[in-house]
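Below is one structure, written out as structure tokens; the observations come after it.
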Amino acid sequence: GEAVPPAQRSSWASFLKSIASVSGDLSSMTCPPFILSPVSLTEFPAYWCEHPELFSAIADQKSEEQRTLAVVKWFISTLKGQYTSRNESMGSEKKPLNPVLGELFYGKWPDINGRGETELLVEQVSHHPPITAYAIENKSKGVKLVGHNAQKTSFSGGSIIVKQLGHATLTVKLPSGDVAEYLITLPRLRIDGLWYGAPYIELSETSWIVSKSYVCSVEYKGKGYFSGKTHSFKATLNPAPGFGGSLGSHVVEGTWHTTSKFTSGPKTGLEFHNVTGPKEEVTAIGGHTSGEMGELETRQLWKLVAKGIREGDFDMASREKSKIENDQRQRRKDELAAGTKWPLKHFVHVDSDPTYERLGKLGKISPATEDMYVFKENWPPVA
Ligand code: 0T9
């Protein structure tokens with residue numbers, strides 16, 4: 001454990017021993033302070049829009065083929081933020097704050113150069129297991145992403161294996177009045193570098209982007225596999241059954257944290273995505289009409305815990321964290337006694353998703369059905 005501060009070595013060693021035996025949910029395990037991040041998982045959906053211009057560009061395409069390529073380009077361009085940004089900002093992957101039930105995060109990216117404003121809304125819809133639901137919408141362009149995610153973790157060969165549960169659906173309002181739908185599934189993660197105390201993520205297996213006319217698989221490989229490079233991917237776009245006559249096939253290869261190019265199809269040799277330039281952080285906004293943040297809004301809720309972690313005052317961080325946890329336990333007890341349940345604010349849980357079932361069949365997507373959190377659309381806030 002070279003990256004582990006000497007005073008925390010034995011606590012890191014016992015943490016590693018315990019993750020080898022606990023499987024399923026690592027979110028509530030206690031970790032040594034050096035590995036704690038001051039950011040809650042409810043902020044992570046903002047990674048979907050670090051390039052707002054790529055999100056809005058989806059609406060500007062003139063054909064189904066161009067639109068699908070724009071969706072895949074936006075998706076690939078989000079991976080760098082999703083899976084490497086903690087290494088860039090904090091030196092390694094860190095353990096995010098474990099959101100409480102009902103935790104909220106609201107944000108936006110401004111309208112620049114006619115791309116329209118994009119709004120973000122996140123709600124923690126389950127605490128145990130942790131499940132985060134989100135909606136990202138550019139209303140002026142008619143592009144909307146709604147999804148939820150959860151994780152199932154296991155330990156294998158010294159690494160944490162994270163299977164992502166949940167999916168997202170991107171919808172685009174077309175000038176014709178039709179709505180194009182894209183089902184998006186998520187890659188598997190391996191967290192390596194644990195032994196050294198310097199965790200980082202590599203992606204593996206396959207994720208899918210499927211619409212009624214196109215099936216795109218994205219295969220992920222790390223060092224030593226098809227290109228030999230870390231963070232490699234290969235995206236293969238093929239027309240869905242019945243669309244073969246009018247739409248072309250494409251293959252794109254590269255590394256998702258840098259650039260990629262077309263390696264097969266009419267655009268062979270051209271650049272596909274490039275995320276070596278700057279990204280745009282979300283602007284957090286309060287969910288009240290006054291613009292203020294309520295007590296369940298993530299940056300308000302975790303303020304003192306985050307301050308403690310950032311400033312190295314871990315006594316304060318753990319004291320404030322206990323306060324939040326005790327308050328949560330009390331709320332659940334009160335609900336139990338009153339026979340009530342915590343009401344979700346922006347989402348409704350349903351057991352199956354017809355869009356997932358219909359489009360999932362076109363890719364090799366399993367399971368055949370998944371639950372989902374339907375976005376209630378009561379945003380912007382009214383009270
Ligand atoms: C959805 C993303 C997800 C959330 C995080 C596995 C992880 C929690 C889930 C999957 C986002 O779209 C993308 C990126 C990072 C994922 C996190 C990385 C991570 O380590 C945590 C887990 C729960 C841990 O904190 C494990 C313990 C820790 C000591 C390792 C650094």
Side-chain angles (χ1 to χ4, degrees), residues 1 3-4 8 11-50 74-99 103 105 120 122 124-136 145-156 158-168 184-205 207 220 231 256-257 282 298 309:
V4 185
Q8 296 176 39
S11 118
W12 182 241
S14 57
F15 172 74
L16 292 182
K17 254 179 242 156
S18 56
I19 51 176
S21 55
V22 178
S23 96
D25 180 8
L26 298 178
S27 55
S28 50
M29 286 184 62
T30 326
C31 278
F34 83 92
I35 206 75
L36 300 178
S37 156
V39 179
S40 160
L41 269 184
T42 53
E43 295 207 26
F44 282 42
Y47 293 128
W48 288 113
C49 208
E50 276 187 347
W74 155 77
F75 172 82
I76 298 292
S77 302
T78 72
L79 300 176
K80 182 186 182 188
Q82 310 259 17
Y83 302 112
T84 70
S85 59
R86 280 80 54 198
N87 298 67
E88 281 177 12
S89 62
M90 302 185 278
S92 81
E93 188 60 59
K94 302 263 172 168
K95 187 175 190 295
L97 297 170
N98 185 22
E103 188 172 319
F105 183 49
L120 165 75
V122 186
Q124 188 70 13
V125 291
S126 168
H127 175 67
H128 200 85
I131 306 175
T132 310
Y134 54 88
I136 299 176
L145 179 76
V146 177
H148 72 278
N149 55 284
Q151 300 85 36
K152 195 169 161 40
T153 54
S154 57
F155 194 73
S156 165
S159 304
I160 298 173
I161 309 293
V162 182
K163 183 180 178 195
Q164 295 203 71
L165 311 174
H167 61 275
I184 298 169
T185 67
L186 305 162
R188 188 167 289 215
L189 280 60
R190 207 179 57 233
I191 306 175
D192 288 330
L194 289 168
W195 181 250
Y196 303 101
Y200 62 92
I201 290 175
E202 187 54 278
L203 301 180
S204 64
E205 307 203 2
S207 74
Y220 305 90
H231 304 337
W256 45 259
H257 65 308
V282 66
T298 187
I309 293 172

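In listed order, ligands and their atoms are each counted from 1.
When all heavy atoms of Pro199 and Asn87 are compared, the pair lying nearest together is O-ND2, 3.4 Å.
Glu103 and Ser40 share a donor-acceptor pair across their side chains, judged by distance under 3.5 Å alone.
Within the structure, salt bridge (charged side-chain N to carboxylate O under 4.0 Å, His left out) contacts touching residues 87-97 (residues at least two apart or in different chains) are Arg86-Glu93.
When the ring-ring contact (aromatic ring centres under 6.0 Å, His included) test is applied to Phe44, the partners found at least two apart in sequence or on another chain are Tyr47. Listed by chain and residue number, nothing satisfies the ring-ring contact (aromatic ring centres under 6.0 Å, His included) test with Tyr200 (two or more places apart in sequence, or in another chain).
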Contact table, ligand 1 N/O with protein N/O, distance under 3.5 Å:
unit_1, atom_1, unit_2, atom_2, d
ligand 1, 12 (O), Gln82, OE1, 2.6

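Classification of the Phe75-Trp48 ring pair by plane angle, with boundaries at 30° and 60°, yields tilted.
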